[in-house]
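Following: one structure in C-alpha cells, then a few remarks.
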Amino acid sequence: MAQEDCCTFACLLLFSVISEENFSTGIGSAAEEPRVLCIVQDTTNAKTVNERLTLNLPASTTVNKLYEDVAHKAGYVNGTFCLAWANTGNMAPLDQASEMSLVLSGFEAGKRNFLQLTDKDGEQPQIASVTDSSGLEDSSQDRFIGPLPRDGTVGCSSDYSSPSYSYSSILNKSDTGYVGLVNQAMTCYLNSLLQTLFMTPEFRNALYNWEFEESEEDPVNSIPYQLQRLFVLLQTSKKRAIETTDVTRSFGWDSSEAWQQHDVQELCRVMFDALEQKWKQTEQADLINQLYQGKLKDYVRCLECGYESWRIDTYLDIPLVIRPFGASQAFGSVEEALQAFIQPETLDGPNQYFCERCKKKCDARKGLRFLHFPYLLTLQLKRFDFDYTTMHRIKLNDRMTFPEELDMSPFIDVEDEKSPQTESCTDSGAENEGSCHSDQMSNDFSTDDAVDEGICLDNTSSTERVLKPKSSLTFELFSVMVHSGSAAGGHYYACIKSFSDSQWYSFNDQHVSKITQDDIRKTYGGSSGSRGYYSSAFARCTLCVFAEFLEVEDFPEHIKRLMQREKESEEQEKRQREIERNTCKIKLFCMHPVKMMMVENKLEVHKDKTLGEATEMAYKLMDLEGVVPLDCCRLVKYDEFHEYLERSYEGEEDMPMGLLLGGVKSSYMFDLLLEIRRPDQVFQPYKPGEVMVKVHVVDLKSESIAAPVSVRAYLNQTITEFKQLIAQATGLCAETMRVVLERCYNDLRLLYVPNKTLKAEGFFRSNKVFVESSDSTDHQAVFTDSVLWKLLDRHGNTIRLFVSLPEQSPGSLANRTSCPKQQQQQQSSSTSDSQKSSEHSDFEHIESPAQEPDAASQSSQMENCTRAASDTENQFPSEERSDSDANNDRSTSSVDSDILSSSHSSDTLCNADSGPLPLANGLDSHSITSSRRSKAHEGKKETWDTAEEDSGTDSEYDENGKRKADSQYLYFKAEPYSQEDGSGEGQKCLLVHVDKRITLAAFKQNLEPFVGVPSTQFKVFRVYANNQEFESVRLNETLSSFSDDNKITIRLGRALKKGEYRVKVYQLLVNDPEPCKFLLDTVFAKGMTVRQSKEELLPQLKDQCKLDLSIDRFRLRKKTWKNPGTVFLDYHVYEEDINISSNWEVFLEVLEESERMKSMSQLAVLTRRWCPAQMKLEAFREVVLESSSVEELKEKLSELSGIPLENLEFAKGRGTFPCDISVLEIHQDLDWNPKVSTLNVWPLYICDDGAVIFYRDSTEELMELSEEERNELMKKESSRLLKTGHRVSYSPRKEKALKIYLDGGPTKDPGQD
C-alpha cells in the first residue's frame, strides 16, 4: 500500500483524482454508512427451517422497510408474518409499523443479527404472487449494497466492499461503451491508472502516434507497444473486460507481482520513468514533461536585508497535507491545503539562517512559490500518516472538498513566473526534474518522495500542445482516484469524466458504470467509512480547446494494422471458446495390454463427432497404435468407482457424442472405458440394468484362489439361474457349486436358497463372488466351520509386506529344524522341541534352505503356519516410535555385544498339522488387500490401551509372545528377494504374506530365521511414504493397521522390555550457533532415578561421543522441541516425578561448576546482557533464583553485571530458544521493564526453568550509526539470523518495492535478503 492519497487537477482537458470515499447510495452512498447484516431463519415450514435468508442493509433502514425486504426475498406477502430475535428469551415480534432505524431498534452494525420468521396469529405466511413481488423489484435492487462480483478475482483487501451498482449496468458494455480491465489478483491500482491514461486524449493520441520497430526490441518486453495494444483493445474490443497480463509482463513482472498491492502514485512515477527511457530520441521523448510537469521555487529570504537564496524545482504532482503535524483539525478543502503548501515558515532562534549578505545568522523566511502549472495538474492527498502514539501507520479519512473548477491564480507567483531571475540569487541549483521535493525544502514537504500515492494522469495531445495564456489558470476536474480500505490494504478504482459527453463513469476493474456529480461529491470522505478521494486530476480549461480522441478511421497505418491483428486474434479466441463450449470432456480408462495396468486420461471430443471417430481418438490417446488393431477396440460406458461396465453401444457408431453422452456438461456421472479384445474374440454386449460380477474360482485341493472372471447377470435372476451362468463361464458343475458373495470386505454370505433373486441377496452394480465345485465332503459342514470359509477368511486377511533385513546379519536361524509334532488347540500347554541355531551361518543360507536334511517341503518354501494370539479384546492399534534421527542413531547401526552371545535354545517354531496354506500365484492384489474379521472375533469390541507399560510383553503372554489362552493358527509366508540400492548391490529383503491378525510378537518370531537373532534382539520399524520410520513396540498388538505393500525395516539392537523407553539424548550448548546437538540413543526404565540414568550414560558418552564427564558436572533437563525446560534433580524418579513417554527426548547440559539446583522450588533462567552502546549481545549466563520474585532477579543480575539496581531493566525473550533477535530491533521491540512484582504472572509467565531474560543498563545510550554502518550491520544480522532459522524483520510491515524492469525481467541479487 502507498502512504499518501492524492488529488489531480488538469489544466486543459482531463483530471484524475485518487480518493477515499464513503457512499450512501449509488457509487458513494453504500460504504459511507455502516451496514447491518441480518440472517433470517424461516421457521414456518419444515422445508425451510434449515434455510437462511441474508440481507445486508444500511444502518438507517427502518424496521418496516426490513419487513418489506424480507417479504420480497422470502416470497411472502408483507404483513402475513412476524420477525423476532433468535437465540434470546424475548420472543416478542419486531414492530412492523416502526419507523425507527435498525440501529436504534437494537441491531448491531458490522455484526450478524439473527432473526426468526414466524407465523402471525397462528397462520402461515401467504405466498406472494408474481405481481406482488415485482412491485418490490426495483426498490430492493436499488437498496442492495454489497460486494461487487469480480469474476473470481481476488480483492485487494477484506476492508473493501464495493459500492452499489445496478448489476445489469455493469455486465453490458453497450450501456456505457467502455471496456473494463480484469484484476489479476491485487492489480486494482494498475487498472485505475491505465483507465485514466486511456481516458486522456493527449496521452492516448501521442501513444498511437508512436510506432514500434520490431527489429529493435522484442514486442513482449516493449512497454509502449503493450500499452498501445491495450489501448486499441479498450477502444475497439467487444469484450466486457480485457486482461492486463501482457502489460505486466512487459514490466518484467512475474505472477507473484499480481499479489503485491502498490501505491498508484508510485506506479505512475515508475511507469513514466520507464516510458521516458523507451521514448528517448523519439517525438514522444518530452511527452510526460509537456503534460504533467510544473515548476516551483524553493526560497529563503533574509528578514533584515531582504537577500533571497533560491532554487527552481520541477514537479509532476503536488502533495497536499490533510492534517498538519501535531494538529487535531484537518484542512477542509483542497484550496486550504494549497494555501498551507505555499505558506512560508519563519526561521528564528536556533534555526536562524546564515545570510551571505549580512555575514551572520539572521531571522529568515523559508517557503515555496509556484512558477508554472502543468497542462494536466495532479494533486496528491497524503491520506496515509504515521501515528507516533501507537507507532503504526494510519489512514486519515477526514473530509476534504474539491471543486469542479479550480482557480490556481491565487497560488502562483506572477512576478516570479514573468521574471524568475529578478531576485538576488547565489544558490540557483539545477532543476530536480520529476519531483517537487529537494534537500532544502521544509520537512512537511520532503517526506517519502518515493511513495507518492495514486496519481491520475490526464490528457493533452503530446506533439501539438496548445499554448495557453498565463492568466488561464482555471482547471476543470476530470478524474478522481478512490481508495477504499485501511492503511494495511484496500481497493482502488477511478471516477473519470468523459469530455465527449460530459458524463462521469466509474472504472472499477472489469466493471464500468455511469455515476453522477453527486456521487463524486460523496468521495470527500469524513464519515465513519474508510473511503476518500486519494488524488485528483484537473485539466486547464480557460480559453483553450480540448483535444479529441482519435477515431478508428483516423488511426495511423501501424495502429490500423495492429487493430486488424487484434481483431483477428479476438475472433480466433471467440471461435476457440465456441469450440470449448461444444466439447465433451470425460474421463477415459483403458487396461493397457503392454503396461498391464489401468491407464487414465481425459477424452476431449466435439459433440458432433460420431462414436466411431471418438473411438479412433481414444485409440490414439491411449497410445495403442501398433499394439492392437483399431477394430479390436470399442468405447463402453463405465463406472470407475464400482469398476462396473454399464452398457455398450452396439449399432450406434454413427451417433454424435453429444447425444450419446447426454449433452456437453462440466462433469459426467459416468466414465468411458476403451475395451480391448483379442482378434479371435467377440465383444460381449452390455445392456443397461445388468450387474457385473467378478467370479473367483476356489480350488480346495491346492488351496488357491484364481484371478477373477467377469460375468454379467440380472438382478431378477435366481440363484439357480446364476449358477448356470457361472457354470457356462467357468466350466464348473452347477449341481455341486457353492457360491459365496462378498457383500463388503468383512462379510461373506453363502448363497444357498435356489429361488432367491440376486437383488434379494444384496447384489449391486458391481459384485465379487467366490465359487467352488468339488465332490468333497466339505460342503456338508456348516459354512463357518468349512475349509472354504477358512480359506476365504485367510485370503481376506492376508497382506503383503516388504521387509528390509539388516545389512550385516550375525547369523541365520534358517538351519533350525521345526518340530513336526502337531499341536492341537486344546493342548495349549504342550511345547515343541527345538535345536540351537548356528550363530555363524551366513545370510545366504536363507536362499538355499533345502540343504537342511530335516527341513520339510514347506521350509524349502520358507513358509510357516504359526500359533499366535487372537483374543481381540486386547487387540490394540500398533504404537509406533520415531526413528527420524537414524543417521545419528549409533545404537541401531551396530550390533550390541550381548546379541552375539545370546542363546537361541529357548526359541521354538511349530507348524500346524494342517500344513501350509499357500496363496495362489495368480491371486490379484485386490483380493489380498480386502480385510475381514474372523467369525471368532464377531461382536467383540476393540479397545485402546495407552499405558506405556504395555510396550513390553503383557502378562497374559508367555515368553515367546504367545497368548496363554485359546489361540488359532495364522498364516505366514516369506520369500527372499533382492532390491537394488543404486550401488549395484541388492539389499537383502523379504516378501512376506502374513495374516494381519497375527501379533507383533508372533510376527517377530517368524522373522527370527531370516534375521539370525532372537526376536528380543532386533527391532521392527514401519516405513511411511516420506521414508520416516517409527518403531513398533507393542508385542500384544496385531498387524491390523498395516496394509498391502507396506514397508518394514529390521534393525539389530535390543528390543524394549516391559517398562522401558527409548530415549534420545541431545547436548544443550546455549552459546553455540546450533544449541541442540544429537548425542546418542539410550534406554530408560520406569522406576529408575535420574542419577541412575546418568550413571548408565557415562560409559556410553565416553565410548560413542568421546565425552569424559564426571557425574556431578552434567545435568539432564526437559526438552520441548529446541527449548530447554525443567532441570531434573538426581533423586527424581521416572514415571513418578518425571513423565516419560515413547520416543522421549532429553537435554544433557555440561556444567562448569557443581550443580546449584537442589530443590524444585528454585528457578533457573538464562540471562543475556544487551549493550546498546556497542550494539552487541553478551553470552548466556545462568541465574538460579530461590523464588519467582522480580526483585531477586534484578539483584542477581545487578550482582552479575555490576549495573546499579535502579538502572537495570529486563525483558523476556520471544519465540523458541535461543530467542534470537536482531540488534537493530532489540532496543525498542522488546517489552522492557514490565510492571510486575513476580515472574509467574502476565506478561512474563515464567514458571519453569529455561526462560530467556535480556537485560540492559537504562542509562547506556544507543550507538549512533551512519547509513552505511546501519546497512552493513543489517546485512550481518540478516545472515546471522537466517543461519539460525529465525525470521528477519526490520519493520512492522515490510513492503516490496515497485520496480519496472526495462530489460524484461529482474536480476536476482545473491546478496539480497
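Side chains are part of it too, since the values below use all heavy atoms of this structure and drop only hydrogens, waters and symmetry mates.
Looking only at side-chain heavy atoms (C-beta outward), Leu801 and Phe1042 come within less than 4.5 Å of each other. Here the side chains of Met596 and Met591 are not in contact, with every heavy-atom distance at 4.5 Å or above. Side chains of Asp1081 and Val1063 form no contact here, defined as non-hydrogen atoms less than 4.5 Å apart. In this structure, the side chains of Ile799 and Asp995 stay at 4.5 Å or more apart for every pair of heavy atoms. At least one side-chain heavy atom of Leu748 sits less than 4.5 Å from a side-chain heavy atom of Leu792. Between Leu1101 and Leu1148 there is a side-chain heavy-atom pair separated by less than 4.5 Å. Leu1007 has its side chain out of reach of Leu805: every pair of non-hydrogen atoms, C-beta onward, lies at least 4.5 Å apart.
With sequence neighbours excluded, no residue forms a salt bridge (Lys or Arg N to Asp or Glu O under 4.0 Å) with Asp1103. Taking Leu1098 as the reference, Leu1109, Ile1111, Phe1114 meet the side chain to side chain contact (heavy atoms under 4.5 Å, CB included) condition, with sequence neighbours excluded. Partners of Asn767 by side-chain hydrogen bond (donor to acceptor under 3.5 Å, both in side chains), not counting sequence neighbours: none found. Taking Lys1118 as the reference, nothing meets the side-chain hydrogen bond (donor to acceptor under 3.5 Å, both in side chains) condition, with sequence neighbours excluded. When the side-chain hydrogen bond (donor to acceptor under 3.5 Å, both in side chains) test is applied to Thr736, the partners found at least two apart in sequence or on another chain are Ser773. Taking the side-chain hydrogen bond (donor to acceptor under 3.5 Å, both in side chains) definition, one finds that Asp1045 meets it with Arg800, sequence neighbours left out.
Remark: the backbone N or O of Arg743 is not paired with any side-chain donor or acceptor of Asp747 at under 3.5 angstrom. Judged by distance alone, with hydrogens and angles left aside, the side-chain atoms of Asn1027 form no donor-acceptor pair with the main-chain N or O of Val1023 at under 3.5 Å. With hydrogens and angles disregarded, a donor-acceptor distance shorter than 3.5 Å links the side chain of Gln1092 to the backbone of Thr1089. Under a 3.5 Å cut-off, the side chain of Glu1008 and the backbone N or O of Lys1004 do not form any donor-acceptor pair. Side-chain N or O atoms of His696 include one that pairs as donor or acceptor with a backbone N or O of Ala706 at under 3.5 Å. A donor-acceptor contact shorter than 3.5 Å links the side chain of Asp778 to the backbone of Leu788.
Ring centroid separation for the pair Tyr1061 and Phe1084 does not come in under the 6.0 Å cut-off. In this structure, the ring of Tyr971 has its center no less than 6.0 angstrom from the ring center of His993.
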**Request:** Please step through side-chain contact (heavy atoms from CB on, under 4.5 Å) for the pair Asn1046 and Asp1044, ending with a clear verdict.
**Result:** CA-CA 6 Å; Asn1046 278 173; Asp1044 253 353; over 6 Å; no
**Asked** Could you walk me through whether Glu643 and Lys694 pass the salt bridge (Lys or Arg N to Asp or Glu O under 4.0 Å) check?
**Response** CA-CA 10 Å; Glu643 297 182 0; Lys694 290 185 177 179; 2.3 Å; yes
**Item:** Working for side-chain hydrogen bond (donor to acceptor under 3.5 Å, both in side chains), residues Ser1041 and Arg1022
**Value:** CA-CA 11 Å; Ser1041 64; Arg1022 184 172 179 177; 3.1 Å; yes
**Pair Glu975-Lys973, salt bridge (Lys or Arg N to Asp or Glu O under 4.0 Å): steps then yes or no** = CA-CA 7 Å; Glu975 298 175 349; Lys973 175 185 175 182; 3.1 Å; yes
**Item:** Worked check of ring-ring contact (aromatic ring centres under 6.0 Å, His included) between Phe802 and Tyr977
**Value:** CA-CA 9 Å; Phe802 294 96; Tyr977 81 101; 5.8 Å; yes
**Prompt:** Do Leu1097 and Leu1080 pass the side-chain contact (heavy atoms from CB on, under 4.5 Å) test, and can you show the C-alpha distance, the side-chain angles, and the key distance before you say yes or no?
**Reply:** CA-CA 9 Å; Leu1097 276 175; Leu1080 51 82; 3.8 Å; yes
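The pair Arg738-Glu772 meets the salt-bridge criterion, since a charged nitrogen lies less than 4.0 angstrom from a carboxylate oxygen. A salt bridge does not link Asp699 to Lys701: none of the charged side-chain nitrogens sits closer than 4.0 Å to a carboxylate oxygen. In this structure, Arg997 pairs ionically with Asp793, as a charged nitrogen and a carboxylate oxygen lie closer than 4.0 Å. Using a cutoff of 4.0 Å between basic side-chain nitrogens and carboxylate oxygens, Glu1136 and Lys1086 are not scored as salt-bridged. The pair Lys1094-Glu1096 does not meet the salt-bridge criterion, since no charged nitrogen lies less than 4.0 angstrom from a carboxylate oxygen.
A cation-pi contact, defined as under 6.0 Å to the ring centre and within 45° of the axis, links Arg1051 to Phe1021.
The two atoms that bring Thr1038 and Lys996 nearest to each other are CB-O, 3.6 Å, heavy atoms only. Residues Leu732 and Met737 come closest through the heavy atom pair CB-CE, 3.9 Å. Nearest heavy atom pair, residue Ser776 against residue Leu700, reads OG-CD1, 4.0 Å. Contact detail for Trp789 and Thr784: the closest heavy-atom pair is CE3-O, 3.5 Å. Considering every non-hydrogen atom in both Lys1119 and Trp1121, the closest pair reads NZ-O, 2.5 Å.
Using bins of under 30°, 30° to 60° and over 60° for the plane-to-plane angle, the ring pair Tyr1134/Trp1144 lands in the perpendicular bin.
There is no side-chain donor-acceptor pair under 3.5 Å between Glu1029 and Tyr1024.
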